*Asks:* 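So that we are looking at the same thing, I have put the structure below in structure tokens.
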Amino acid sequence: MASKDGGQAFAPVLAAVATMQGNVPRSEKAQAHEFLEKFQKSVEAWTTTHGLLQSPDVPVEAKLFAATTLKGKIVFDLDQLPPDSVVALRDSVLNLLVAFASGPRPIQTQLCVCLASLAIQMLGWKDVLATVGSALGSSAGDCVLEFLKILPEEVTEGRKINLGEDELIERTKELLEDNAEQVMQLLIQYAQSSPAAATNPRLLDCITSWLREIPAAQVIDSPLMDVIIKALDNDRSFDAGVDCMCTLYRDTKDVHESLPIIQALYPRLMALRPKIAETAETEDLEAFKGITRMFAEAGEAWVVLIARMPAEFRGLVEAILECCARDWEREAISITFIFWYELKQSLTIERYNDARVNYEDIWSQLMDIMVKHLEFPTPEEGETDLFGGDREQEEKFRQFRHAMGDVLKDCCSVIGVTDCLGKIYHLIQQWVGKYASQATNEHVPHWQELEAPLFGLRAMGRMVDPVETTVLGQLIPLIVQIPEQEKIRFQAIMALARYTEWTSMHPETLEAQLNYVISGFQHPSAEVVQAAALAFKFLGTDCQKLLGGHINQLHTFFESVLDKLKPSSQEEVTEGVAAVVSVQPLEKIYDSMKMFCDPIMQRIMNLANNAQDEEGQRAVADHLGLISIFVQVVTPIVAPGEENPAVKYCGEILPIMTTIVMNFTSSTPILERVCRCWRNMIISYRTAMIPLLPTLAESIANGFQASREGGFLWATDAVVREFSHGAEYVDEATSNAVFHFYEQQATAFLRIMNDLPPENLPDVIEDFFRLSSDAVRYYPKKCISSELAVPIFSAALSALTLQQVDPLIATLHYYRDLFSFAFEKPLVSEFTSPDEEPYVNPPEVREAVKNLIASQGQLLSQRVLAGMIFTFPGDCFPDASAIMMTMFELLPHETGAWLQNTLQMLPPGSMKPAEAERLMKNIAEKVQTGEIRKIRVLLQDFTNSYRRRNVAPRDGLGRLEATRFRFSG
């Protein structure tokens with residue numbers, strides 16, 4: 001029992017644990033969380049965790065927290081202990097394991113991980129298995145099995161332990177390879193000790209874990225194979241047995257070398273096929289899923305043999321098909337999807353053509369099974385909701401259907417699109433023959449049997465060639481005559497939307513489809529209306545030339561439906577009509593664009609006059625987005641020097657947009673849509689925009705200064721990209737003016753950075769440094785010689801204190817692009833010299849970049865290393881380490897000194913004494929041998945290790961915040 005003093009020592013920990021689990025204010029939980037996080041990394045945690053685990057009065061949840069904390073101490077903080085006390089620690093953990101040998105299991109598991117982590121790090125401990133077996137004794141069989149299971153898992157994860165690579169390789173051999181035969185014999189002896197032992201799931205888990213080291217061939221030839229097979233007859237060991245079988249397959253994926261093993265394992269597996277029917281008939285869902293997994297994963301592992309030897313392995317494919325057919329709850333079938341995809345990949349290779357023919361009947365049956373599974377459920381008597389109000393189940397079914405659609409595509413690849421379409425046509429015809437005469441708008445009998453093949457038709461759309469002439473010509477006219485029932489109408493319209501490319505090549509079918517889709521806009525179902533909008537978009541886009549002569553009718557339709565649609569559907573319909581406008585003769589483009597866009601602009605002005613709240617401003621923004629679509633889609637081809645009709649129209653609406661910007665300087669949705677429209681003008685019309693460029697640039701600059709919205713920098717970026725020095729048809733004066741425009745925006749940005757902290761400006765920072773990266777690429781000499789070069793570099797240093805990934809990535813990319821110009825041939829240069837030779841960086845530019853780095857390198861090193869250790873999200877590591885690598889390449893001695901100084905600033909005691917010295921020595925060696933690129937790996941390994949030990953949360957705290965959970969013995 002812990003002493004009274006010891007109890008007082010860990011009382012604060014118990015109080016914090018209780019707070020984390022209690023119903024207390026969030027602020028108190030946050031304080032408790034912070035206290036426990038510091039506790040886990042403290043030296044005192046070594047003794048406190050032992051006290052908690054040894055005390056009979058401590059709640060079991062607190063003991064689990066203590067065991068988890070002790071695990072973290074052993075993995076990360078073993079250097080906190082004197083070397084001569086590590087053996088005593090091992091013996092203490094062994095004693096704790098004896099105390100918890102009968103459970104609770106979660107604590108036992110954590111203590112086994114503690115022991116395994118010690119075994120990895122105690123290089124002098126050579127008789128690990130003997131010591132553990134002797135300490136725990138024969139009565140603690142489950143505990144010994146748990147340790148044996150965990151040991152290979154922890155050794156495999158050994159990189160998180162601070163051992164050298166060579167030490168880890170040697171220790172892995174000692175603990176696993178050298179013990180594999182002994183462990184196998186121990187497992188056989190245990191399995192044969194009693195019938196209960198043979199069906200102990202921990203035994204199966206142990207076999208599974210050691211299959212990392214023990215070859216599958218040895219297990220299959222040993223008594224353990226019978227143990228695995230018999231485990232599948234026992235509810236207690238069934239799941240563990242399935243895991244074990246599936247792990248055996250993993251060892252046989254190299255089918256060339258493993259053929260004898262597979263030939264020995266295959267009959268054992270196929271003897272289990274009756275269990276498919278058995279578990280289906282008893283409706284034991286979990287067992288059925290386990291059996292399905294066992295056959296499907298065998299198929300995945302041996303798919304090459306299945307294709308190469310169809311006669312020998314056809315039985316396995318039939319078994320997997322049976323799993324699909326018998327899946328009464330549609331819960332297990334998704335387990336087979338990877339197999340069908342992998343088999344399709346093999347069977348569509350020419351050399352396996354004979355196998356494809358051999359399996360065609362199976363794939364044909366698979367197609368039938370899948371379409372049947374696509375059917376919506378039939379509601380209970382008197383129930384109108386298909387899923388009984390279970391929205392989670394409904395969403396799950398929707399996701400499942402889309403995954404099934406991928407399998408239908410696989411069927412098309414194997415048995416051919418024509419056969420698959422023929423099956424769909426047959427099912428629809430079959431329904432029409434049976435039920436069409438009974439169908440009314442109010443009641444459609446067995447509608448599920450019609451809707452499912454329509455979904456299948458939609459799913460297969462990508463596989464069908466637009467020149468298909470056999471089935472679609474009969475199928476499409478049939479579709480536009482089907483009943484009005486909501487789900488059928490929705491699926492029919494969505495199916496038509498997938499075949500608009502085919503329609504463009506079969507114009508005789510267009511009118512009926514267009515009328516069917518347009519009539520969908522009057523349907524009472526919102527889903528059907530949305531489907532109609534999407535279908536119209538594709539009809540307009542793919543059949544634009546066929547519809548080109550109907551511009552006036554389309555305008556009448558557009559005006560009649562626009563105000564009734566949701567914003568997303570408004571965009572889709574607009575894309576459809578804009579596509580038709582885009583194919584008008586050049587002389588009609590301006591009038592056509594004006595005909596559609598003027599009413600939208602009128603709506604925008606009316607809405608803007610009344611946009612007093614967020615909803616009103618959102619409506620303005622949505623309509624501005626429609627104008628942006630026209631700008632993006634309507635891009636007439638005009639000879640250089642001639643007026644572009646679309647630009648002529650843009651000139652008319654530019655003042656209105658500018659006015660809207662200045663009237664809504666605090667409305668992010670409106671400003672974002674205007675900026676997108678302006679950016680699209682630049683990208684769509686490029687140099688044709690030169691006449692409008694001064695006005696547009698002024699509007700962008702004024703908008704940024706007034707609103708401080710990053711979208712204006714995003715629009716500026718398009719200007720810099722399209723009108724940079726050396727761009728086609730861009731004169732020197734325009735190019736210089738554009739760079740001056742960038743400097744103007746940069747000056748405004750720097751003023752904003754001076755007024756507000758970076759954490760208030762993440763989006764603006766992201767947009768500015770993306771812009772600055774492009775400015776450096778397109779105007780390297782001007783950027784680097786600019787008076788703003790140093791202030792921008794310093795602003796980027798401030799940005800590196802952020803923790804959001806997007807602005808950090810943009811800032812790091814800016815540094816990488818800038819540093820690229822310290823070399824003779826920068827990789828990021830976006831232009832060539834007038835004689836088309838690759839750009840060669842002038843010496844003065846290279847020197848200027850080096851001087852810039854030299855003047856700011858110490859602070860940059862600090863910010864980058866601090867970010868990698870403390871604040872950067874993981875996605876930033878490659879760029880951050882690349883910056884340090886480039887600095888070593890350019891200024892090796894200076895960067896080494898900066899890094900050394902930065903390491904000295906880390907908190908005392910957070911590194912092992914020789915750790916920084918070893919890092920600097922390894923870096924110096926890489927510099928000396930010219931292996932600069934390997935410095936990235938050294939830095940990433942160092943910061944990852946430091947972060948895991950000192951910064952990242954340790955395990956255990958998350959569990960405390962959850963409700964109390966049950967412990968099994």
Side-chain angles (χ1 to χ4, degrees), residues 71 74-75 78 83 86-94 97-98 108-109 111-138 140-193 197 200 202-225 227-228 243-244 247-248 250-254 257-258 261:
K71 175 191 72 176
I74 291 170
V75 171
L78 202 58
V86 175
V87 173
L89 171 64
R90 179 199 67 188
D91 295 342
S92 173
V93 172
L94 281 167
L97 259 177
V98 171
Q108 185 189 98
T109 297
L111 291 172
C112 285
V113 175
C114 290
L115 197 57
S117 299
L118 277 172
I120 297 167
Q121 296 179 80
M122 294 178 67
L123 304 181
W125 185 12
K126 302 300 183 184
D127 57 344
V128 173
L129 297 188
T131 304
V132 173
S134 173
L136 297 179
S138 58
D142 277 4
C143 196
V144 174
L145 287 173
E146 186 73 2
F147 174 74
L148 286 177
K149 168 187 171 288
I150 284 168
L151 183 62
E153 297 170 353
E154 290 304 305
V155 172
T156 304
E157 293 292 316
R159 282 199 65 81
K160 67 185 179 184
I161 289 175
N162 202 19
L163 279 183
E165 197 67 37
D166 292 341
E167 290 175 319
L168 189 57
I169 291 170
E170 178 61 27
R171 196 59 178 152
T172 299
K173 179 181 180 299
E174 290 176 353
L175 291 174
L176 301 186
E177 188 181 327
D178 294 352
N179 284 323
E181 184 61 37
Q182 182 187 352
V183 168
M184 185 168 170
Q185 294 308 314
L186 284 171
L187 297 178
I188 292 171
Q189 289 170 20
Y190 178 83
Q192 294 173 342
S193 64
N200 186 344
R202 292 208 195 188
L203 168 65
L204 277 300
D205 290 341
C206 204
I207 297 170
T208 299
S209 184
W210 275 87
L211 277 167
R212 301 163 195 261
E213 287 300 319
I214 302 171
Q218 288 186 25
V219 173
I220 292 168
D221 289 340
S222 77
L224 292 179
M225 191 65 223
V227 171
I228 297 168
D243 285 340
C244 212
T247 306
L248 279 171
R250 184 196 63 199
D251 229 22
T252 63
K253 281 189 176 181
D254 187 344
E257 292 186 2
S258 305
I261 307 170

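Computed from heavy atoms alone, side chains included, the values below leave out hydrogens, waters and symmetry copies. For clarity, every value in this text was computed on a predicted model and none was experimentally measured.
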*Asks:* A quick test of your reading: do over 12 heavy atoms of other residues, nucleotides or ligands sit less than 6.0 Å from NZ of Lys253?
*Replies:*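 Atom NZ in Lys253 is not crowded, with 12 or fewer foreign heavy atoms closer than 6.0 Å.
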*Asks:* When rounded to the nearest 0.5 angstrom, what is the spacing between CG in Leu148 and CG in Asn179?
*Replies:*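 Here the rounded value is 9.0 Å.
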*Asks:* How many angstroms lie between CD in Glu146 and CG in Asp205, if you round to the nearest 0.5 Å?
*Replies:*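 Reported to 0.5 Å precision, the distance equals 8.0 Å.
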*Asks:* Using side-chain heavy atoms (C-beta onward) and a distance below 4.5 Å, is Val87 in contact with Met122?
*Replies:*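 Contact flag for Val87/Met122 side chains = yes.
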*Asks:* For Asp142 and Arg202, which heavy atoms make the closest approach, and how far apart are they?
*Replies:*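 Answer, listing the atom of Asp142 first, then Arg202: O-NH1, 3.1 Å.
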*Asks:* Say whether Asp127 and Thr131, considering side chains only, have a donor N or O and an acceptor N or O under 3.5 Å apart.
*Replies:*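 Asp127 vs Thr131: donor-acceptor pair found between side chains.
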*Asks:* Could you walk me through whether Glu170 and Lys173 satisfy the salt bridge (Lys or Arg N to Asp or Glu O under 4.0 Å) test, starting with their C-alpha distance in whole Å, then the side-chain angles of each, then the deciding distance to 0.1 Å, before giving a yes or no?
*Replies:* CA-CA 5 Å; Glu170 178 61 27; Lys173 179 181 180 299; 5.6 Å; no
*Asks:* Heavy atoms only: give me the nearest Leu136-Leu94 pair and the separation to one decimal.
*Replies:*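 Looks like CD2-O, 4.3 Å.
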*Asks:* Please report the shortest heavy-atom distance between Pro152 and Ser209, naming the atom on each side.
*Replies:*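 In terms of heavy atoms, the two residues are closest at CG-OG, 3.5 Å.
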*Asks:* Rounded to the nearest 0.5 Å, how far apart are CH2 of Trp210 and CG of Leu176?
*Replies:*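 Those atoms lie 5.0 Å apart.
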*Asks:* Closer than 3.5 angstrom, by distance alone: can the side chain of Ser134 be matched with the main-chain N or O of Ala130 as a donor-acceptor pair?
*Replies:*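 Not at all, since once roles are kept as given, no pair shorter than 3.5 Å links the two residues.
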*Asks:* Using 0.5 Å steps for rounding, measure from the CG atom of Leu115 to the CG atom of Leu151.
*Replies:*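 If I round to the nearest 0.5 Å, the distance is 8.5 Å.
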*Asks:* If we ignore angles and hydrogens, is there a donor and acceptor under 3.5 Å between the side chains of Gln185 and Gln189?
*Replies:*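 No donor-acceptor contact under 3.5 Å links the two side chains.
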*Asks:* In the structure I gave you, are the side-chain heavy atoms of Leu175 and Val128 within less than 4.5 Å of one another anywhere?
*Replies:*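 In contact.
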*Asks:* Could you measure the distance from the CG atom of Asp251 to the CD atom of Glu257? Nearest 0.5 Å is fine.
*Replies:*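 It comes to 11.0 Å.
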*Asks:* Considering all heavy atoms of both residues, which atom of Cys206 and which atom of Lys149 are nearest to each other, and what is their separation?
*Replies:*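 Between these two residues, the closest heavy atoms are SG-N, 3.7 Å.
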*Asks:* So, do Leu97 and Val132 sit near enough that their side-chain heavy atoms are less than 4.5 Å apart?
*Replies:*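 Leu97 does not reach Val132 side chain to side chain.
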*Asks:* Mind checking whether Tyr190 and Asn200 have side chains closer than 4.5 Å, heavy atoms only?
*Replies:*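 In short, these two side chains touch, coming nearer than 4.5 Å.
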*Asks:* Any side-chain heavy atom of Arg250 sitting closer than 4.5 Å to one from Arg212?
*Replies:*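 A side-chain contact under 4.5 Å exists here.
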*Asks:* Contact between Leu89 and Leu78 at the side-chain level, heavy atoms closer than 4.5 Å - yes or no?
*Replies:*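 Heavy-atom side-chain distance check passes, below 4.5 Å.
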*Asks:* Hey, are the side chains of Val219 and Ile228 touching, using non-hydrogen atoms and a 4.5 Å cut-off?
*Replies:*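 Val219 reaches Ile228 side chain to side chain.
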*Asks:* What closest approach, in Å, do Cys112 and Ile150 show between heavy atoms, and which atom pair accounts for it?
*Replies:*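 For Cys112 versus Ile150, the nearest heavy atoms are CB-CD1, 3.5 Å.
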*Asks:* What's the shortest heavy-atom distance between Phe147 and Ala116, and which atoms?
*Replies:*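 Looks like CE1-N, 3.7 Å.
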*Asks:* Are Glu174 and Trp125 close enough that some pair of their side-chain heavy atoms sits under 4.5 Å apart?
*Replies:*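 Glu174 vs Trp125: side chains apart.
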*Asks:* Has Arg171 got a side-chain atom pairing as donor or acceptor with Ala119's backbone, closer than 3.5 angstrom?
*Replies:*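 Confirmed, Arg171 side chain pairs with Ala119 backbone.
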*Asks:* Nearest 0.5 Å, please: how far is CD1 in Ile188 from CD1 in Ile207?
*Replies:*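 Atom-to-atom, Ile207:CD1 and Ile188:CD1 are 9.0 Å apart.
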